[in-house]
Protein chains: 2
Amino acid sequence: MSLRHALLGLLATQPATGYELAQKFDKSLGTAWHASHSQIYPELARLADAGMVEVVGEGARNSRTYAVTEAGYDEIRTWLIETDANRSQRNETAVRWFLLGLLKPEDRRAAVDRELAYAEEYVANLRQIAEQIDAANPEHPFRKTVDLGLRTSSVMQDWLREQR
Amino acid sequence: MSLRHALLGLLATQPATGYELAQKFDKSLGTAWHASHSQIYPELARLADAGMVEVVGEGARNSRTYAVTEAGYDEIRTWLIETDANRSQRNETAVRWFLLGLLKPEDRRAAVDRELAYAEEYVANLRQIAEQIDAANPEHPFRKTVDLGLRTSSVMQDWLREQR
DNA sequence: AATTGACATGTCGAACTTGACACGTCGAGC
DNA sequence: GCTCGACGTGTCAAGTTCGACATGTCAATT
């Protein structure tokens with residue numbers, strides 16, 4: 001179950017409320033995994049039961065801020081180093097790109113242009129995130145992942161242009 | 001529901017049995033979507049009910065070969081050109097890479113080496129597929145997707161090496 | 001003749017995910 | 001004082017996916 005580790009990872013970077021985690025999923029980890037609040041809250045409760053996270057503060061509007069415990073950090077470490085990765089993927093964009101070759105040239109062009117427009121948007125978003133991180137803390141552990149995203153996006157954009 | 005379109009896409013390339021489709025999911029489309037036979041058979045039946053695929057042959061061991069109908073091809077086309085992509089993703093490998101930055105240097109090294117070993121394997125597999133396609137039919141609609149895979153893999157390998 | 005392994009299809013329960021519904025708080029602007 | 005929008009947590013039904021169980025065929029080896 002990656003949701004668990006994704007949550008632990010986000011909390012390891014910085015303590016947060018369930019609400020904030022839901023936002024971070026879309027903002028930073030969204031390329032890798034998506035989860036909505038209806039999954040996040042119950043999973044946070046289970047993680048707290050398991051002693052992997054703990055409430056470190058309560059704020060307005062009944063909010064609870066969680067942080068990773070030692071046990072939680074161990075869980076991340078074990079998962080990354082000792083467990084075999086589940087390589088399962090689900091990427092609708094990739095399915096679409098796969099099927100591009102089945103279309104007639106004029107249809108393909110329309111589909112490719114759509115994808116290029118989206119890619120443009122996506123890269124702009126990544127650049128913005130990169131700037132935000134650089135301004136706040138260039139040593140942020142996720143900074144390098146943003147770079148990876150930018151590099152692969154560049155390859156993908158080139159490829160899409162060739163498919164027009 | 002992308003499973004449906006993934007199946008239609010694979011069948012559009014070449015008629016196949018449910019069993020063959022399950023293999024192709026791992027072999028070619030596996031990077032983009034995974035589905036096991038327990039999903040594939042029922043979905044094929046639904047597609048047949050909807051008139052998007054039809055049985056074009058029956059072989060040994062009660063096997064049925066399906067092919068895409070005109071209606072099925074229309075469905076692919078409409079999906080690619082007119083529907084908005086669902087950008088949701090689930091990629092455990094990416095989650096792992098994201099969390100790499102949280103590890104201590106020596107731990108990170110171990111995790112990165114694991115990932116590099118897997119990437120090596122993955123690229124070797126892609127190269128083999130590329131050769132097979134080139135030998136059989138270099139114009140195969142999926143050939144270009146294999147190239148994309150190779151290019152992005154190369155970027156990812158470079159990135160992983162930098163994280164050691 | 002028996003065994004083994006790939007071929008081939010199918011079902012079912014458990015687990016996961018999504019999207020809608022539900023409730024309430026706080027701050028800013030009118 | 002009221003309204004609106006963001007903040008914040010929660011549940012539940014419906015749909016999707018996974019893994020295990022189940023059944024049987026065919027070809028090649030022992």
How close or far is atom [atom2] of [N] from atom [atom1] of [X], stated in whole angstroms?
X: B/W33; N: D/dC18; atom1: CH2; atom2: C1'; result: 14 Å
X: A/E43; N: C/dT17; atom1: CD; atom2: P; result: 9 Å
X: A/E92; N: C/dT18; atom1: CD; atom2: C1'; result: 14 Å
X: B/N86; N: C/dT17; atom1: CG; atom2: P; result: 14 Å
X: B/I40; N: C/dT11; atom1: CD1; atom2: P; result: 15 Å
X: B/R90; N: C/dC16; atom1: CZ; atom2: P; result: 11 Å
X: A/L7; N: C/dC16; atom1: CG; atom2: C1'; result: 14 Å
X: A/Q89; N: C/dC16; atom1: CD; atom2: C1'; result: 18 Å

Partner set under ring-ring contact (aromatic ring centres under 6.0 Å, His included) for B/H34, not counting sequence neighbours: none
Per-nucleotide protein contact string for nucleotides 3-12 of chain D, where B marks a base within reach and S marks sugar-phosphate only (heavy atoms under 4.0 Å, - for neither): ---BBBBBBB
Non-neighbouring partners of A/Y19 that pass side chain to side chain contact (heavy atoms under 4.5 Å, CB included), sequence neighbours left out: A/T17, A/Q23, A/Y41
Members besides A/V123 in its Ile/Leu/Val/Met/Phe/Trp/Tyr cluster (side-chain heavy atoms under 4.5 Å): A/Y118, A/Y122, A/L126, A/I129, A/I133, A/V146, A/L150
B/R114: partners by salt bridge (Lys or Arg N to Asp or Glu O under 4.0 Å), with sequence neighbours left out: A/D84
Pairs satisfying salt bridge (Lys or Arg N to Asp or Glu O under 4.0 Å), at least one member in residues 25-43 of chain A, at least two apart: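 Matches after skipping sequence neighbours: A/R4-A/E43, A/E43-A/R46.
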Polar side-chain atom of B/R96 near backbone of B/E115 as donor-acceptor pair, under 3.5 Å: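 Flag not set: sc B/R96 to bb B/E115 has no pair under 3.5 Å.
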